[in-house]
Asks: 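This is the structure I have questions about; it appears just below.
Both backbone and side-chain heavy atoms feed into the values below; hydrogens, waters and symmetry mates do not. Everything numeric here is computed off the predicted structure, so don't read it as measured data.
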Amino acid sequence: MITENDLQEAIAECEGQRNPTANTCIKLAAFYTIREHLFGRKDDPPVRYSYLPAPEQIPRTAVAYEGDTEFSQAIAGRDPAEIWAIMDELMSTLQIVNPRLYAGVMRKIAE
């Protein structure tokens, strides 16, 4: 009888190959299927394979803008992506509610 440890070793061997072939991928899929069926390991995260290197992670930095307004104090130290999502929503609303003010803001940004 095959043990879970045997399957783990076979999976590790396939995953460790530098340039996997189609045959290696077929074996790996079979090993995962057998392991899931026999030992119920459905909680594992899905495995993604690619011949490309992992995408470079862009480091997130906190907003460093300083000022004495309520807005600048509220955004100090926050994630810029979070702030830009809020600003995008605000600008979409402003475009509908006050198109003239929206156009003025967009002109300032384009300068």
Asks: Using the side-chain hydrogen bond (donor to acceptor under 3.5 Å, both in side chains) criterion, which residues pair with Thr69? Sequence neighbours excluded.
Replies: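 If we apply the side-chain hydrogen bond (donor to acceptor under 3.5 Å, both in side chains) test to Thr69, skipping adjacent residues, the hits are Ser72.
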
Asks: By side-chain hydrogen bond (donor to acceptor under 3.5 Å, both in side chains), which residues pair with Asn98, not counting sequence neighbours?
Replies: none

Asks: Using a 4.5 Å cut-off on heavy atoms from C-beta on, say whether the side chain of Tyr32 contacts that of Glu36.
Replies: no

Asks: Testing the basics here: between Cys14 and Lys27, what is the closest heavy-atom pair and its distance to 0.1 Å?
Replies: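 Smallest heavy-atom distance, with atoms named: SG-CB, 4.2 Å.
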
Asks: Kindly compute the distance separating CD1 (Ile34) from CG (Asp6), expressed to the nearest 0.5 Å.
Replies: 11.5 Å

Asks: More than 12 heavy atoms of other residues, nucleotides or ligands under 6.0 Å from CD of Glu13: yes or no?
Replies: no

Asks: Without placing hydrogens or testing angles, list every side-chain donor-acceptor pair under 3.5 Å for residues 85-92, not counting sequence neighbours.
Replies:
{"residue": "Ser92", "atom": "OG", "partner": "Asp88", "partner atom": "O", "Å": "3.1"}

Asks: Do you reckon Trp84 sits in the same ILVMFWY cluster as Phe71, going by side-chain contacts under 4.5 Å, direct or chained?
Replies: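 Yes; Phe71 is reachable from Trp84 via cluster members.
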
Asks: If you round to the nearest 0.5 Å, how far is CD1 of Ile75 from CD of Glu82?
Replies: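 Between atom CD of Glu82 and atom CD1 of Ile75 there are 11.0 Å.
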
Asks: To the nearest 0.5 Å, what is the distance between CG (Leu7) and CZ (Phe31)?
Replies: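 Reported to 0.5 Å precision, the distance equals 7.5 Å.
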
Asks: To the nearest 0.5 angstrom, please state how far the OG1 atom of Thr3 sits from the CD atom of Gln8.
Replies: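 Output value for this atom pair is 9.5 Å.
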
Asks: Which atoms form the tightest heavy-atom contact between Ile96 and Pro99, and what is the distance?
Replies: O-CD, 4.0 Å

Asks: Is Glu15 close to Leu28 at the side-chain level, that is, under 4.5 Å between some pair of heavy atoms?
Replies: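 They are in side-chain contact.
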
